[in-house]
Novice: 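My questions all concern the structure below.
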Amino acid sequence: MQVSRNNLLFVLLFAGGIVLPTAILSFLSFRNIQNEIYLSQKNFDENLNAFQNEVEEAIEKEQAKIYQETKAASLFLYEQPQGLLDFGHAAEFKSVEGLDAIFLFNNGNLIYPDMTSKKFFKSSNFSNSVPSALDKKLYQVETSGLKDSIAQKIYLEQRSRSLRPTSFFFESKEEQIQNILGLIRFYYKNKKYDEALHLLEILESNPHQQGYLHADLTYAVYLLHFEILVFQRKHQEAQDYCLSVLAQFLDKQNIDDISSSRYFFESAFTRILSFENLSQEKREAFWNLRENFNRQLGYMDILYYNRDLFQEILNDDVSSKEGILYKNTEEVTLFKMSYPYLSGDQVVIAVINKDAYKARLQSKLKTVVQSYKNIPFSITENSDKLLMGEIPEGAPIIAQHYISDAFEWEFTLYEKDMQDIHKETRHRMFLMYGLMLFALITVIFGSFFMFRFITQERKLLAMKANFLSSVSHELKTPLTSIKMFAEMMARGRLQRAEKVQEYSTLIGKEASRLENLIGAILNYTRMEHGTGAFKWERLDFSICAKKVFDAVEDIGVEKGLTFYTHFEPNVFVMGDYTALYSLVQNLIDNAIKYTEAPGDIKVDVRSDSEWVIFSVADTGIGIAASEQKNIFNDFYRVGDEMTRSTKGSGLGLATVKRVAETHKATISLVSKPGKGSTFTVKFKKAE
Ligand code: ADP
């Protein structure tokens with residue numbers, strides 16, 4: 001009782017030491033999780049503001065960067081010689097990622113590209129001129145030479161010189177041109193290049209005649225001229241000719257059809273660049289010329305197709321303090337940059353490459369968005385096309401506004417669903433609960449096993465003490481007798497031979513009692529050390545049992561007990577002879593020990609198809625149901641050592657149990673106090 005109370009105290013201390021702190025910790029964690037939901041909401045609100053600011057900042061910064069780059073590019077262009085022919089460094093041209101073209105104006109004049117009639121871009125004229133008029137002036141194909149003031153002058157001069165015009169002049173202008181072209185074609189075909197060239201020169205030097213040519217035809221004539229020079233290997237002349245056509249092209253107040261001029265220059269530049277004897281310096285110059293020409297021509301295309309917009313944006317006042325003004329159509333987006341961004345009368349009109357510009361902004365936004373993963377937002381273009389984020393269904397909108405100067409980008413922030421916040425904390429909650437549960441289970445099981453371990457340990461200690469007192473008593477009694485009889489015989493007082501014989505027999509008996517006891521202890525320890533020392537063999541169980549029976553029968557008979565035996569022959573089991581011997585011996589010994597005369601003992605060995613069944617039944621004192629489980633434990637004996645009449649070690653049945661276990665046999669016990677006990681052991685039959 002004392003012992004178990006101590007154990008209980010210990011377990012209580014142990015459990016209290018762990019359970020209490022665990023419970024407190026769990027409680028605190030639970031409260032913490034509750035707080036976390038609140039904090040998440042708060043955090044979200046704070047993050048929301050930061051996110052909004054960062055998105056706006058990212059866009060603003062990137063746009064400002066584009067403006068800076070545009071400014072740098074325009075300053076670079078301002079500093080370059082403006083004439084196309086002087087513009088030597090194509091490679092150094094500063095382009096801006098996100099822009100398709102940059103146009104420079106100063107005081108209303110177009111400065112770059114340097115290809116068109118500048119006067120039309122004087123702001124005063126520009127604002128007054130109707131777009132259609134501009135169209136005509138800029139791009140109308142020159143169908144009438146008379147409209148051209150220079151051509152008109154030459155025509156009048158010729159008229160005044162030739163009062164009597166040749167037959168050539170009696171024909172209509174178109175007929176005259178057709179005749180000359182026919183002649184040139186004829187000479188060219190017959191490889192009379194000099195004649196062809198001569199006629200070409202006449203045609204070209206007469207702007208009046210030339211005025212009747214369609215723009216396509218004009219450049220076809222130029223190209224023919226150029227090709228003939230190349231055929232004649234007059235490379236230097238060909239180069240000069242090409243440059244003179246270019247100079248003429250740039251000198252013009254109006255631009256002819258762009259595609260035919262582009263075709264001429266592209267063909268001529270490519271041909272010149274293929275000249276073998278061209279110096280490196282010249283090659284570079286022509287290469288740069290070609291690059292610049294193409295770029296400027298490309299810009300002219302843009303200008304041509306968007307002239308209305310250019311006109312509008314040039315006339316519009318810039319009210320923004322940055323000096324930036326946007327104009328937007330479905331096809332094109334422009335911005336104008338002027339004072340104070342640029343100095344004085346400088347104006348830049350930049351044509352945005354929508355995809356590239358958007359990509360620049362979006363890549364900046366992406367980095368911002370990545371660090372605010374939990375905020376529901378959307379960026380839409382023209383209020384329907386989703387660019388970034390997502391539009392959560394039914395979520396209330398917290399804030400919504402436009403974020404880009406260039407595009408209609410709407411940035412919307414949505415209220416976060418509380419469910420989402422819960423979801424975020426839920427996995428942490430699960431982890432916490434899991435840990436708490438785990439700790440609790442560990443503590444409960446730990447306490448349970450500890451309690452059991454301690455009780456068992458103490459029980460064993462008690463039993464060992466019991467065993468020691470019992471064994472020492474067992475050893476001492478026969479030794480005392482042996483010593484006493486031996487002393488008596490040594491003194492030589494025994495005269496009669498029968499007495500000597502009687503004492504010697506008694507000494508022998510006591511010695512064999514000692515031997516048995518020591519044998520039991522040895523058997524037990526042998527079992528305790530495992531089956532390593534076993535010698536496994538196929539043996540007849542009946543022979544083994546009979547041998548034991550023969551050795552102990554006398555003791556029972558002497559006690560006044562009656563034996564009934566049955567030993568079925570040839571019942572084979574796999575086992576260790578010594579171990580099986582001690583099993584049989586312990587069971588029969590106990591039957592004899594715990595049965596008073598007159599009583600019966602049945603020893604039975606039989607078999608069925610699968611098993612060898614060994615049983616020992618007695619009509620002895622029996623074993624209470626409550627004790628039946630314990631008697632197989634080491635050192636266990638029923639009752640108290642002092643009050644017990646039988647001698648023993650409490651190791652007999654423990655040995656039986658171990659032998660049975662090592663032989664994979666089962667033991668069963670049927671017993672009733674006062675009626676007797678039957679122990680049955682079933683072995684697996686050996687083949
Ligand atoms: P012991 O040395 O005490 O006989 P055992 O391990 O052989 O030790 O037996 C344990 C206890 O089981 C015995 O003390 C005894 O009380 C009880 N017991 C064993 N066999 C019998 C039996 N045939 N009849 C009644 N009690 C028995």
Side-chain angles (χ1 to χ4, degrees), residues 459-460 462-478 512-528 545 548-549 552-553 555-556 559-565 579-604 614-662 667-681:
K459 232 187 208 166
L460 207 66
M463 282 197 296
K464 271 193 179 158
N466 199 358
F467 167 78
L468 278 178
S469 74
S470 154
V471 165
S472 46
H473 181 75
E474 286 285 306
L475 292 172
K476 211 176 166 191
T477 322
S512 57
R513 240 178 90 185
L514 267 179
E515 197 183 16
N516 282 342
L517 189 67
I518 291 163
I521 296 169
L522 283 177
N523 265 332
Y524 173 77
T525 43
R526 185 163 173 260
M527 286 302 125
E528 216 178 24
V548 179
F549 177 74
V552 298
E553 188 186 8
I555 307 165
K559 206 177 168 185
L561 303 173
T562 315
F563 284 99
Y564 300 92
T565 58
L580 291 176
Y581 190 96
S582 81
L583 178 140
V584 176
Q585 191 184 27
N586 277 311
L587 288 177
I588 300 178
D589 272 354
N590 278 353
I592 296 170
K593 247 187 344 192
Y594 300 107
T595 307
E596 292 306 321
D600 300 334
I601 293 172
K602 276 186 207 154
V603 179
D604 191 270
F614 167 62
S615 69
V616 180
D618 62 56
T619 55
I621 58 168
I623 306 153
S626 59
E627 296 284 5
Q628 288 183 10
K629 229 175 45 210
N630 299 327
I631 54 171
F632 292 97
N633 290 342
D634 298 349
F635 309 114
Y636 192 87
R637 306 203 67 212
V638 177
D640 196 273
E641 198 55 40
M642 293 303 132
T643 58
R644 225 182 343 243
S645 57
T646 56
K647 308 293 170 199
S649 60
L651 288 174
L653 288 180
T655 309
V656 169
K657 189 182 155 203
R658 288 192 184 202
V659 173
E661 272 170 4
T662 53
I667 309 175
S668 60
L669 165 64
V670 180
S671 182
K672 226 174 179 187
K675 292 269 190 264
S677 320
T678 306
F679 288 87
T680 309
V681 188

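Quick caveat: nothing in here was measured; it's all calculated off a predicted structure. We count ligands from 1, going down the list as the structure has it; atoms in each ligand are counted the same way. Positions are given from 1 along the sequence.
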Novice: Under 4.5 Å between any side-chain heavy atoms of Asp604 and Val616, yes or no?
Specialist: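 They are not in contact (no side-chain heavy atoms under 4.5 Å apart), so the answer is no.
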Novice: According to salt bridge (charged side-chain N to carboxylate O under 4.0 Å, His left out), who are the partners of Asp589, at least two apart in sequence or on a separate chain?
Specialist: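 Residues passing salt bridge (charged side-chain N to carboxylate O under 4.0 Å, His left out) with Asp589: none at all.
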Novice: Got a donor-acceptor contact below 3.5 angstrom from the Ser615 side chain to the Phe679 backbone?
Specialist: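 Looks like no, no N/O pair under 3.5 Å.
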Novice: Counting from 1, what ligand 1 atoms have a heavy atom of Leu653 closer than 4.0 Å?
Specialist: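 Those qualifying, in numeric order: 5 (P), 6 (O), 7 (O), 9 (O), 12 (O), 19 (C).
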Novice: With sequence neighbours excluded, tell me which residues meet side chain to side chain contact (heavy atoms under 4.5 Å, CB included) with Lys559.
Specialist: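 Applying side chain to side chain contact (heavy atoms under 4.5 Å, CB included) to Lys559 gives Leu561, Ile592, Glu596.
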Novice: Within the 4.5 Å heavy-atom criterion, are Asn630 and Glu627 side-chain neighbours or not?
Specialist: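 Result yes, sub-4.5 Å side-chain heavy-atom pair found.
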Novice: Report the part of Asp618 (side chain from C-beta onward, or backbone N, CA, C, O) that has a heavy atom under 4.0 Å from ligand 1; answer both or neither where that applies.
Specialist: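 For Asp618, the contact with ligand 1 is made by the side chain alone.
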Novice: Which of the numbered atoms in ligand 1 are under 4.0 angstrom from any heavy atom belonging to Ile631?
Specialist: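 Answer for ligand 1: 10 (C), 11 (C), 12 (O).
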Novice: For ligand 1, note which part of Ile623 has a heavy atom under 4.0 Å away: side chain, backbone, both or neither.
Specialist: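 Under 4.0 Å from ligand 1, Ile623 contributes side-chain atoms alone.
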Novice: Examine ligand 1 and decide if any of its atoms is less than 4.0 Å from a heavy atom belonging to Ile621.
Specialist: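 Yes, Ile621 has a heavy atom closer than 4.0 Å to ligand 1.
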Novice: Does any N/O atom on Phe679 come nearer than 3.5 Å to any N/O atom on ligand 1?
Specialist: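 In this structure, Phe679 places no N or O atom under 3.5 Å from an N or O of ligand 1.
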Novice: Could you tell me which atoms of ligand 1, counted from 1 in the order shown, lie closer than 4.0 angstrom to a heavy atom of Lys593?
Specialist: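 Near Lys593, the atoms of ligand 1 are 1 (P), 2 (O), 4 (O).
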Novice: Looking only at distance, does Asn590 have an N or O less than 3.5 Å from an N or O of ligand 1?
Specialist: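 Such a contact does occur with ligand 1.
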Novice: Any side-chain heavy atom of Tyr564 sitting closer than 4.5 Å to one from Asp600?
Specialist: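 Yes, close enough: below the 4.5 Å cut-off.
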Novice: When you look for heavy atoms under 4.0 Å from ligand 1, do you find them on the side chain of Phe632, its backbone, both, or neither?
Specialist: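 Neither part.
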Novice: If we only count N/O pairs under 3.5 Å, is Gly652 in contact with ligand 1?
Specialist: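 In this structure, Gly652 places an N or O atom under 3.5 Å from an N or O of ligand 1.
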Novice: Would you say Gly620 contacts ligand 1, with heavy atoms under 4.0 Å as the rule?
Specialist: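 Heavy atoms of Gly620 never come under 4.0 Å of ligand 1.
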Novice: Please confirm whether the backbone N or O of Ser677 pairs with a side-chain atom of Asp618, one donor and one acceptor, at under 3.5 Å?
Specialist: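 Side chain of Asp618 to backbone of Ser677: a pair is present.
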Novice: For the NZ atom on Lys593, are there more than 12 heavy atoms of other groups (residues, nucleotides or ligands in this structure) within a distance under 6.0 Å?
Specialist: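 Correct, the count exceeds 12.
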